[in-house]
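Just so it is clear, the values below take in all heavy atoms, side chains as well, and ignore hydrogens, waters and symmetry mates.
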Amino acid sequence: MNPYGNLRRSQRHVQRLVAEFNADERLWRYLEGKRRLRRRLYPRMSAKLRKQLDLLEFTAARPLQDCVGRFWET
């Protein structure tokens, strides 16, 4: 089933990318509490390490991207 059946073919891929971006934004905001707690518990942690841990946690929480069967429409 195509959830974007009301859109033209050229706009469906763009809309799918926008939906994925919005899902990532929601997940990043959801994980904000954990980031704040980590900063409060470990105040001397370097900014570089904090950023790496944030991105690692975000990557682990994201669903896997299934690129099998995705065709580019021209």
Side-chain angles (χ1 to χ4, degrees):
M1 180 176 164
N2 185 1
Y4 308 113
N6 59 334
L7 297 175
R8 293 183 294 194
R9 284 183 168 256
S10 61
Q11 292 179 333
R12 289 180 189 165
H13 177 67
V14 174
Q15 184 60 38
R16 190 177 309 126
L17 289 176
V18 169
E20 289 175 10
F21 176 81
N22 289 337
D24 286 346
E25 283 288 318
R26 280 192 304 270
L27 178 60
W28 186 257
R29 289 187 189 123
Y30 175 75
L31 295 173
E32 186 174 0
K34 289 184 177 184
R35 290 193 303 271
R36 287 182 181 172
L37 180 63
R38 186 182 308 121
R39 281 157 178 69
R40 201 172 336 143
L41 292 176
Y42 306 105
R44 294 179 181 232
M45 186 183 297
S46 69
K48 184 177 179 180
L49 182 59
R50 276 195 311 240
K51 185 175 181 179
Q52 287 176 347
L53 289 174
D54 293 345
L55 293 176
L56 184 64
E57 181 182 37
F58 176 73
T59 304
R62 269 181 93 196
L64 296 175
Q65 289 184 345
D66 183 22
C67 61
V68 175
R70 183 181 291 180
F71 298 103
W72 298 102
E73 299 173 359
T74 56

Taking NZ, NE, NH1 and NH2 as the nitrogens, is one of them in E32 or R36 under 4.0 Å from a carboxylate oxygen of the other?
->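 Between R36 and E32 there is a salt bridge, with a charged N closer than 4.0 Å to a carboxylate O.
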State which residues pass side-chain contact (heavy atoms from CB on, under 4.5 Å) with R39; sequence neighbours excluded, sorted by chain then number.
->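 Expected list: R35, R50, D54.
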Gap separating the CG atom of N22 from the CD atom of Q15, nearest 0.5 angstrom | 8.5 Å
Hydrophobic cluster membership, [X] vs [Y], 4.5 Å side-chain cutoff:
| X | Y | value |
| --- | --- | --- |
| Y42 | L56 | no |
| L49 | F58 | no |
| F21 | V14 | no |
| L55 | L27 | yes |

Candidates R38, R62, Q52 - the one meeting side chain to side chain donor-acceptor pair (under 3.5 Å) with E57 =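 When R38, R62, Q52 are each tested with E57, the side chain to side chain donor-acceptor pair (under 3.5 Å) holds only for R38.
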Smallest separation among heavy atoms of A61 and L31, with atom names |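 Scanning both residues, the minimum pair turns out to be CB-CD1, 4.1 Å.
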